[in-house]
Participant: 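Got a structure here, written out as structure tokens. Questions coming.
Below, chain A is the first sequence line, B the second, and so on; all start at residue 1.
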2 protein chains.
Amino acid sequence: MPKTITPFGQSLRERKKLKTREAIQREATRLFQKQGYEATTIEQIAAAVEISPSTFFNYFPSKEDVVLYDAYDPMVATLFESRPSDEPLSVSVHNVLEMLTDTLERDREIILARSKLILETPDLRARLWSEIERAQVFFGAMLAQRTGGDANDFEFRVVAIALVAAMMEAASEWVRLEGRVKMGDLMKRALDSISADSMLDAFSSRRK
Amino acid sequence: MPKTITPFGQSLRERKKLKTREAIQREATRLFQKQGYEATTIEQIAAAVEISPSTFFNYFPSKEDVVLYDAYDPMVATLFESRPSDEPLSVSVHNVLEMLTDTLERDREIILARSKLILETPDLRARLWSEIERAQVFFGAMLAQRTGGDANDFEFRVVAIALVAAMMEAASEWVRLEGRVKMGDLMKRALDSISADSMLDAFSSRRK
DNA sequence: AGGATAAGTGGAGTCACTCTAATTATCAAG
DNA sequence: CTTGATAATTAGAGTGACTCCACTTATCCT
């Protein structure tokens with residue numbers, strides 16, 4: 001048993017591990033972009049990183065996870081949770097996106113490339129949706145917290161999934177537009193579309 | 001070149017093909033339920049149907065498709081398209097579900113079993129979402145038709161995906177409740193939740 | 001009965017992924 | 001700085017989905 005708890009990433013072991021993890025993601029992404037996701041084999045990635053194929057699976061449970069794994073995910077979650085719980089969720093969404101504007105701008109190229117890869121590759125796209133189910137649970141909890149209800153209620157689940165799906169479409173649109181517009185604005189438009197009148201309009205057509 | 005166009009499923013060939021297709025689905029589903037989706041191999045299915053594994057892939061492009069393939073899909077689409085285009089979409093949804101009540105009641109057990117399998121199996125669940133993207137396009141077109149807009153507009157895509165996601169959640173709930181309630185009612189509740197006030201409430205919490 | 005056409009099949013191969021047992025690197029402590 | 005524990009890396013064998021292809025067999029049309 002170690003005498004002192006070694007801070008994360010401080011020991012040689014931890015640093016090496018992190019470096020390897022990043023190297024795998026970097027090389028994998030590079031190869032995916034160069035020759036396509038499906039045309040790239042684990043063997044090729046392993047060769048590029050100079051590790052054995054076995055080691056690859058020590059770091060990522062599947063080929064898909066190399067792309068899907070998002071380091072910013074927990075950060076975004078934290079940002080949301082730090083928002084005052086009496087703030088309307090739509091406003092929170094916008095605010096969180098505002099806080100992320102700089103990061104989004106700085107890493108635009110990388111994020112865009114990665115997102116495109118996901119959107120264009122059926123396998124990855126399918127897997128994305130299971131990430132979305134995690135988001136559904138998260139936002140369901142947020143909604144419940146804000147209204148004092150039970151997150152497991154059918155209504156919350158419905159609103160949460162619709163919300164997340166809409167945000168997903170906004171993100172796709174952002175990618176389609178090469179990140180030329182602010183993601184926060186797209187999210188706002190998306191949320192506006194499904195809430196309030198416009199949704200009803202679309203629903204009930206010329207009746208109103 | 002044949003002199004007359006042979007009606008679908010009339011010739012020996014066609015009838016046999018249909019029978020085999022059904023046999024594969026039947027046996028596959030049976031095995032999946034008995035021993036789980038992943039634990040069942042193509043070889044086992046082929047053996048049960050008394051065909052070769054090669055033949056399996058002549059009928060279904062992948063193991064997933066045996067479960068996902070839905071014969072009722074085009075029927076539902078037709079029902080929607082036969083609805084008057086000045087009918088609000090939410091009403092159309094309800095009406096279509098009403099028309100399907102009998103079928104849903106009659107085939108309840110089979111549909112339930114199949115749906116459970118899909119919802120419980122991560123691989124199938126992920127694939128379901130790509131079906132949903134097809135539904136998004138379909139409903140996007142419906143919305144556009146009803147409002148006279150362009151189905152490719154961002155707003156339509158957003159509303160369509162939110163709509164479909166909500167319906168999806170309603171369907172899941174139906175499965176969870178073992179089909180004890182009418183699917184149409186769940187859909188109605190789901191659509192009510194995302195449209196109009198309740199959504200706004202959830203969004204803006206105690207402010208209103 | 002005939003050849004055209006489609007369905008079924010066997011076999012070889014690829015690739016993602018699993019499991020296991022052995023090897024090597026790092027670590028904590030004396 | 002050596003040692004025993006622990007974690008990381010690896011090779012290798014195996015499984016199962018899926019592809020490709022050449023070949024046989026069944027159905028069809030005339």
Participant: Please work out which of the three classes, parallel, tilted or perpendicular, describes the rings of A:Trp129 and B:Trp129, given edges at 30° and 60°.
Facilitator: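 Aromatic pair B:Trp129/A:Trp129 classed parallel.
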Participant: In the 5'-to-3' direction, what one-character label does each nucleotide of nucleotides 13-24 of chain C receive under the scheme B = base within less than 4.0 Å of a protein heavy atom, S = sugar-phosphate only, - = no such atom?
Facilitator: --SSBB------
Participant: Could you check how far CD of B:Gln10 sits from P of D:dT27, rounded to whole Å?
Facilitator: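 Those two atoms, CD and P, are 17 Å apart.
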Participant: Just the rounded figure in Å: distance from P of D:dT15 to CD of B:Gln44.
Facilitator: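 Going from CD in B:Gln44 over to P in D:dT15 covers 13 Å.
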Participant: Using only side-chain N and O atoms of A:Lys17, determine if any of them is under 4.0 Å from OP1 or OP2 of D:dA8.
Facilitator: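 Result: yes.
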Participant: Separation of B:Asp123 atom CG from D:dA17 atom P, in whole Å?
Facilitator: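 Answer to the nearest Å: 11 Å.
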Participant: Provide, to the nearest angstrom, the distance between the CD1 atom belonging to A:Ile24 and the C1' atom belonging to D:dT9.
Facilitator: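 Interatomic distance, CD1 of A:Ile24 to C1' of D:dT9: 12 Å.
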Participant: Please determine if B:Glu173 and A:Arg157 form a salt bridge, counting it only when a charged side-chain N lies under 4.0 Å from a carboxylate O.
Facilitator: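 So B:Glu173 pairs with A:Arg157 through a salt bridge.
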Participant: What nucleic acid atoms does B:Phe60 come within less than 4.0 Å of, heavy atoms only: base, sugar-phosphate, or nothing?
Facilitator: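 Here B:Phe60 touches no strand at all.
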Participant: Quick one: is the NZ or CZ of A:Arg21 closer than 6.0 Å to the six-membered ring centre of A:Tyr69, and within 45° of its axis?
Facilitator: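 Ring-cation test returns yes.
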Participant: Provide, to the nearest angstrom, the distance between the CG atom belonging to B:Asn58 and the C1' atom belonging to D:dT24.
Facilitator: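 One finds 14 Å between C1' of D:dT24 and CG of B:Asn58, rounded.
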Participant: To the nearest Å, how far apart are B:Leu124 CG and D:dA17 P?
Facilitator: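 Taking atom P of D:dA17 as the reference, CG of B:Leu124 is at 13 Å.
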Participant: Can you see if the side chain of A:Lys16 gets near the phosphate of C:dA25 - specifically, an N or O under 4.0 Å from OP1 or OP2?
Facilitator: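 Result: no.
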Participant: Ring centroids only, cut at 6.0 angstrom: are B:Phe139 and B:Phe156 within range, meaning strictly under it?
Facilitator: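 Between B:Phe139 and B:Phe156, the centre distance exceeds or equals 6.0 Å.
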Participant: Which whole-number value in Å describes the distance from A:Ile51 CD1 to D:dA11 C1'?
Facilitator: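 It is 14 Å, rounded to the nearest whole Å.
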Participant: Would you call B:Asp73 and B:Arg134 a salt bridge, using N to O less than 4.0 angstrom?
Facilitator: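 A salt bridge is present here (some side-chain N lies under 4.0 Å from a carboxylate O).
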Participant: Among C:dT9, C:dG8, C:dT5, which nucleotide sits nearest the side chain of B:Arg13?
Facilitator: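 The answer is C:dT5, which lies nearest to the side chain.
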Participant: Between D:dT10, C:dT9, D:dC28, which nucleotide has the shortest distance from any of its atoms to the side chain of A:Thr55?
Facilitator: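 Closest of the options to the side chain of A:Thr55: D:dT10.
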Participant: Can you find a donor-acceptor N/O pair under 3.5 angstrom joining the side chain of A:Arg15 to the base of C:dT26?
Facilitator: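 No, no donor-acceptor pair under 3.5 Å.
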Participant: Output the distance between atom CG (A:Leu186) and atom CG (A:Leu177), rounded to the nearest 0.5 Å.
Facilitator: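 Nearest 0.5 Å value for the CG-CG distance: 6.5 Å.
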Participant: Under 4.0 Å: is that the gap between some side-chain N or O of B:Tyr59 and OP1 or OP2 of C:dG8?
Facilitator: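 Answer is yes, contact under 4.0 Å.
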Participant: Please determine whether the number of non-hydrogen atoms from other residues, nucleotides or ligands lying under 6.0 Å from atom CD of B:Glu43 exceeds 12.
Facilitator: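 Open.
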